[in-house]
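Start at 1 and go down the list; that is how both ligands and their atoms are numbered. Quick note: residue numbers are just sequence positions, from 1. We use all heavy atoms of the structure for the numbers below, so side chains are in, but hydrogens, waters and symmetry mates are not.
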Amino acid sequence: MLPVVTARACANIALVKYWGKRDAALNLPATGSLSLTLDALTTETTVAFDESLADDQLVLDGVPAKPDDVERISRFLDLVRTEAGVPINARVTSRNDFPTASGLASSASGFAALALAATRAAGLTLEPQALSILARRGSGSAARSIFGGFVRMHAGARTEDSYAEPITSIPADFLANLRMVVAVIGGGVPKTHGSRDAMDHTAATSPMYRAWLDLVPKDLATAEAAIAKGDLEALGTLAEANAMAMHASALAARPAVVYWHPATLGVLAEVRGLRSSGQPVWATMDAGPHVKILTTAAAAELVSSALVDNAGVTAVTVSAPGPAAEVVDASKIVSFA
Ligand code: PMV
């Protein structure tokens, strides 16, 4: 008898980015990273292992998924099946409350929710660290979405020590006063260059990649120090610079990896304008055209209304720091006997 389990996980946005692997098979990142989990971008995933299924099935946002996506989920479920000793196919239903695969971190929340739902549905209860290691195998950034708030990811030397953990020594109210304003550009259509291929291509061809690898440990130390002091200006300045450095390494790849749309530059200029008028705003970007702005709860509404009228901005969402991944329903017990 195996339960049908639904789990929810929030996306996270890296303030110090992960961009490049040192082991593709184990999905081991080349460097550590540091992120903020967001409450407004969530994935809810239900997993049912069912002996009557000839293959794994995946329904994504109400539509049967493409064969490539099913294949990626199946390979991930194989890890769970092996660990649990449950050689049974699964039905996976997953829903994002934001655009999928467009550079809004859907793979992070997606694989974190899947790791939690699938392990529980297979009868396993993993410790958060083991769950983070498992989620990493699906997507590097998913290791961080197991946890809420600020999260650090260890590059680690081996698979067992490449996991994420929450950053807990934070001055009172620092986290509660933070907001991330997400400006969606171009309607959130699927991105042209998936992060997995784009980071491999950057690592293989960009003359800036070595500089990126040298930079990240220093940026991680600066970000950790800023968080420990509750210094938002230092954290925001660092996060914006780190995102630009990641994109610089990608832009220098041959051929270039260009995620930026004209509207991206418009929003980045708006952020600089708001900052010079005294607003606490710093931008970061991932593998897509969207701009995410780190700011305060007090400034978030003003920032959001300043961005919504920019040409090419199709939606603006304000997000508070989000919680750890959690099981939301494990009530239905199905017997396949
Ligand atoms: O975990 P992936 O393969 O979706 O890669 C994430 C890459 C970035 O979003 C660009 C950076 C990061 O650390 O989240």
Original post:
So, are Arg75 and Asp78 salt-bridged, with charged N and O less than 4.0 Å apart?
Top reply: no
**OP:** Return a yes/no value for Trp19: is any of its N or O atoms, backbone included, closer than 3.5 angstrom to an N or O of ligand 1?
**Re:** no
Subject >> Pair listing, salt bridge (charged side-chain N to carboxylate O under 4.0 Å, His left out) test, anchored in residues 220-247, at least two apart >> reply: Arg152-Glu224, Glu240-Arg275
Subject >> contact_flag Ser33 ligand 1 heavy-atom lt 4.0 Å >> reply: no
Original post:
Can you pull the salt bridge (charged side-chain N to carboxylate O under 4.0 Å, His left out) pairs that have at least one residue in residues 138-147, sequence neighbours excluded?
Top reply: none
Original post:
Taking both backbone and side-chain atoms of Tyr18, is any N or O found less than 3.5 Å from an N or O belonging to ligand 1?
Top reply: yes
Original post:
Does any N/O atom on Lys17 come nearer than 3.5 Å to any N/O atom on ligand 1?
Top reply: no
Subject >> Test of proximity, Asn12 against ligand 1: N or O pairs below 3.5 Å >> reply: no
**OP:** Please determine if Arg196 has a nitrogen or oxygen closer than 3.5 Å to a nitrogen or oxygen of ligand 1.
**Re:** no
Original post:
Looking just at side-chain N and O atoms, do Asn27 and Lys21 make a donor-acceptor pair shorter than 3.5 Å?
Top reply: yes
Original post:
Met199: heavy atom below 4.0 Å from ligand 1, yes or no?
Top reply: yes
**OP:** Check ligand 1 against Ser195 and write out every atom of the ligand that is under 4.0 Å from a heavy-atom position of the residue.
**Re:** 2 (P), 3 (O), 4 (O), 5 (O)
Original post:
Between the side chains of Lys292 and Ser319, does any donor sit under 3.5 Å from an acceptor?
Top reply: no
Subject >> Ala14 neighbourhood, listing ligand 1 atoms whose heavy-atom distance to it stays under 4.0 Å >> reply: 12 (C), 13 (O), 14 (O)
**OP:** To the nearest 0.5 angstrom, please state how far the OG atom of Ser145 sits from the CG atom of Leu131.
**Re:** 11.5 Å
**OP:** Would you confirm whether Ser139, through its side chain, and Ala135, through its main-chain N or O, come within 3.5 Å as a donor-acceptor pair?
**Re:** no
Subject >> Structural part of Arg144 in contact with ligand 1, heavy atom criterion under 4.0 angstrom >> reply: side chain
Subject >> Check: Gly140 N/O within less than 3.5 Å of ligand 1 N/O >> reply: yes
Original post:
Counting only heavy atoms not in Glu127, do more than 12 fall under 6.0 Å of its CD?
Top reply: no
